[in-house]
Amino acid sequence: MYSVTAIAPVRATTALPKGTGLRMLVASYSSYSTSMAPAIGLCQRNNNNHVITKRNTRSISSAKPKSAIKEFFPKVETKQIIEVESGWRHPVYTEEQMKNIQIQHREVRNWSDWVALAMARVLRWGMDTATRYKHPVEGEKFGMTEKHWMNRILFLESVAGVPGMVAGMLRHLRSLRTMKRDNGWIETLLEEAHNERMHLLTFMRIAQPGLFMRLMVLGAQGVYFNGLFLSYLVSPRTCHRFVGYLEEEAVITYTRIIEEIEAGNLPEWAQMDAPEIAVKYWDMPEGHRTMHDLMLYVRADEAKHREVNHTLGNLNQKADPNPYTAIFRDQSKPRPSKGVDLTKPTGWEREEVI
């Protein structure tokens, strides 16, 4: 597929009238193709100096060998700049905090919650179908291999960075339009989008999506972005609850991956080290830099997004400040934080923080 063949030299010139412009043009192309094709990797020469065609095929598999992996997001270096640092510092998690993350579900309480949960279940069904995910019945073993899990992760993380960006963008425009402060919401929403993007960059250092998966992501992202854009204009509260329910599903996904690694069902990942980009971003300590540790960090992030969005869904969308960037009068009581030292999986109620 997508093969390109260069053939040289072109012998058609001998059949054309001598001195004609067409013959000169064909001869020029023949000379150019034979000289440039080896340079761009389209052909090679054998020991007899004859040109041999070289076919280049592209795979649609999402798991490529390391030698074939292309750097999708290379670091940009200049004469004076080594690398670019993020303006958001990720909070430090302890191993105990990450292992205490639990699967929990917030029960629906009103029509807005019902709509959000229904939307989350529809999206979950679509993602399960796209990634061929099927949870086994009790007593059976997961049929998901490392490749299947990676397809699911890449699809999940490529769309997970959309809600925070959409919400942050719309609140930013609203603040400019109304000439009023946003009270700290924009920063948290954009930071969430950045965190989800870092998840994607991390996993793309391990494997890259194939053509089919990239097309699915492209289509899903287009539909997802526009759907969230319109929905957030109608009901921001419902959108935050929807994202909270989606993050519940993300916590379930990563919990099952962790359990599979611990059970020895994913042997490749059991011995694999986390990519360098992950070590730097999460400040992973020495001796805790495996794929298993990486999944613990990512699950902790998703659990925090679950809490944040359920909390934001409990607030007055126009008037209440963001409790995750606020300074409280009474510092003695437990308060929301950016870390996972204190988590509320179903979100903080408005009476607790406002």
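Keep in mind the model is a prediction, meaning the values are calculated, not measured. By convention here, the first residue in the shown sequence is residue 1.
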Please examine the side chains of [Y] and [X], heavy atoms only from C-beta on, and report whether any two atoms are closer than 4.5 Å.
{"X": "P345", "Y": "E247", "result": "no"}
{"X": "V308", "Y": "L312", "result": "yes"}
{"X": "T343", "Y": "R306", "result": "no"}
{"X": "E95", "Y": "H288", "result": "yes"}
{"X": "W269", "Y": "M272", "result": "yes"}
{"X": "L201", "Y": "Y281", "result": "no"}
{"X": "E268", "Y": "M291", "result": "no"}
{"X": "M127", "Y": "L156", "result": "yes"}

Closest non-hydrogen atom pair, [X] against [Y]:
{"X": "L294", "Y": "P275", "result": "CD2-CD, 4.1 Å"}
{"X": "V353", "Y": "P336", "result": "CG1-CG, 3.6 Å"}
{"X": "R350", "Y": "N316", "result": "NE-N, 4.0 Å"}
{"X": "N183", "Y": "D320", "result": "CB-O, 4.4 Å"}
{"X": "T253", "Y": "W149", "result": "CG2-CZ3, 4.0 Å"}
{"X": "R106", "Y": "D113", "result": "NE-OD2, 4.4 Å"}

Report yes or no: does [X] contribute a side-chain atom to a donor-acceptor pair with the main-chain N or O of [Y] at less than 3.5 Å?
{"X": "N226", "Y": "G222", "result": "yes"}
{"X": "D293", "Y": "T290", "result": "yes"}
{"X": "R335", "Y": "E352", "result": "yes"}
{"X": "K180", "Y": "R174", "result": "no"}

- [ ] Could you name each residue pair satisfying ring-ring contact (aromatic ring centres under 6.0 Å, His included) that touches residues 226-246, not counting sequence neighbours?
- [x] H105-Y245, W185-H240, Y232-H240, Y245-H310

Task: Verdict with reasoning, H148 to T145, per side chain to side chain donor-acceptor pair (under 3.5 Å) - done: CA-CA 5 Å; H148 295 143; T145 64; 3.2 Å; yes

Measuring from atom [atom1] of [X] to atom [atom2] of [Y], what distance do you get when rounded to the nearest 0.5 angstrom?
{"X": "F203", "Y": "M150", "atom1": "CZ", "atom2": "CE", "result": "6.0 Å"}
{"X": "E146", "Y": "N265", "atom1": "CD", "atom2": "CG", "result": "9.5 Å"}
{"X": "L296", "Y": "Q97", "atom1": "CG", "atom2": "CD", "result": "12.0 Å"}
{"X": "M98", "Y": "W282", "atom1": "CE", "atom2": "CH2", "result": "10.5 Å"}

Say whether [X] and [Y] are linked into one hydrophobic cluster, either directly or through other cluster members, by side-chain heavy-atom distances under 4.5 angstrom.
{"X": "I101", "Y": "M284", "answer": "no"}
{"X": "L246", "Y": "W125", "answer": "no"}
{"X": "L123", "Y": "V251", "answer": "no"}
{"X": "V159", "Y": "Y133", "answer": "no"}
{"X": "M204", "Y": "F155", "answer": "yes"}

Give a yes or no on whether a salt bridge exists between [X] and [Y], defined as a side-chain N under 4.0 angstrom from a carboxylate O.
{"X": "R109", "Y": "E349", "answer": "yes"}
{"X": "R299", "Y": "E302", "answer": "no"}
{"X": "K338", "Y": "E187", "answer": "yes"}

TODO: List in chain and number order the residues that pass salt bridge (charged side-chain N to carboxylate O under 4.0 Å, His left out) with R124, two or more places apart in sequence or in another chain; answer none if no residue qualifies.
DONE: D128, E249

Can you tell me if [X] has over 12 outside heavy atoms packed within less than 6.0 Å of its [atom1]?
{"X": "L176", "atom1": "CG", "answer": "yes"}
{"X": "Q104", "atom1": "CD", "answer": "yes"}
{"X": "Q271", "atom1": "CD", "answer": "no"}

Open item on the list: List the residues meeting side-chain hydrogen bond (donor to acceptor under 3.5 Å, both in side chains) with Q317, not counting sequence neighbours, and say none if there are none.
Closed with: none

Task: Listed partners of R181 passing side-chain hydrogen bond (donor to acceptor under 3.5 Å, both in side chains), at least two apart - done: none

TODO: Before giving the answer on side chain to side chain donor-acceptor pair (under 3.5 Å), spell out for D283 and Y297 the whole-Å C-alpha distance, their side-chain angles and the decisive distance to 0.1 Å.
DONE: CA-CA 10 Å; D283 194 17; Y297 278 98; over 6 Å; no

Task: Residues that, via side-chain heavy atoms closer than 4.5 angstrom, fall in one hydrophobic cluster with I186 - done: W88, M165, L190

Task: Where at least one partner belongs to residues 153-169, residue pairs that pass side-chain hydrogen bond (donor to acceptor under 3.5 Å, both in side chains), sequence neighbours excluded - done: E157-H199, E157-Y254

Open item on the list: Walk me through whether R241 and N314 qualify under side chain to side chain donor-acceptor pair (under 3.5 Å).
Closed with: CA-CA 8 Å; R241 186 73 69 221; N314 294 336; 2.6 Å; yes

